[in-house]
*Asks:* 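Below you'll find the structure I mean.
As the structure is a computational prediction, the values presented were derived from the model and not from experiment. The basis for the numbers below is simple: all heavy atoms, side chains too, and nothing from hydrogens, waters or symmetry mates.
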Amino acid sequence: MPLLQWKIQATHDLIRIARHIAKSSAANADRMLNLIENKVVLLATHPHVGRAGRQHGTYELVVHEHYIVVYRIRQNMVEILRVKHTARHWPAA
């Protein structure tokens with residue numbers, strides 16, 4: 001079973017998401033973080049569940065209608081690269 005590794009930028013993304021949502025509701029921020037983290041855990045047993053990413057060698061897992069987790073698979077590790085809001089600028093496919 002592959003290990004999950006959160007890269008520093010993905011961790012920073014989670015912090016920004018939580019801070020933004022917490023402006024309106026701390027409870028909603030906690031729920032969103034739990035939702036994202038619970039869906040990412042699935043990658044440890046099913047790393048290919050996401051779709052092909054917009055950048056070569058990456059995958060994207062839709063964890064919420066507004067958030068996508070970008071990751072890559074490395075031997076026995078799944079690296080969580082970013083957590084992006086769907087309204088943010090993305091590189092071309």
*Asks:* Let me confirm one number: the CD-CZ distance from Glu79 to Arg74, rounded to the nearest 0.5 Å.
*Replies:* 5.5 Å
*Asks:* What is the minimum heavy-atom distance between Ala22 and Ala29, and which atoms define it?
*Replies:* N-CB, 3.7 Å
*Asks:* Mind checking side chain to side chain contact (heavy atoms under 4.5 Å, CB included) for Asn34 and listing every partner two or more places apart, or none if nothing turns up?
*Replies:* Glu37, Asn38
*Asks:* Tell me which one of Arg82, Arg72, Lys84, Arg51 satisfies salt bridge (charged side-chain N to carboxylate O under 4.0 Å, His left out) with Glu60.
*Replies:* Arg51
*Asks:* His66: what forms a ring pair (Phe, Tyr, Trp, His ring centres under 6.0 Å) with it, not counting sequence neighbours?
*Replies:* His64, His85
*Asks:* Which Ile, Leu, Val, Met, Phe, Trp or Tyr residues join Ile36 in one cluster when any pair of side-chain heavy atoms under 4.5 Å counts as a link?
*Replies:* Leu4, Trp6, Leu14, Ile17, Ile21, Met32, Leu33, Leu35, Val40, Leu42, Leu43, Val49, Tyr59, Leu61, Val63, Tyr67, Val69, Tyr71, Ile73, Val78, Ile80, Val83
*Asks:* Quick one: which residue pairs count as a salt bridge (charged side-chain N to carboxylate O under 4.0 Å, His left out) with a foot in residues 16-29, not counting sequence neighbours?
*Replies:* Asp13-Arg16
*Asks:* Restricting to pairs with a member in residues 12-42, which pass ring pair (Phe, Tyr, Trp, His ring centres under 6.0 Å), not counting sequence neighbours?
*Replies:* none
*Asks:* Please write out which residues are connected to Met77 in a hydrophobic cluster, directly or through intermediates, given that two of Ile, Leu, Val, Met, Phe, Trp, Tyr count as joined at side-chain heavy-atom separations below 4.5 angstrom.
*Replies:* none
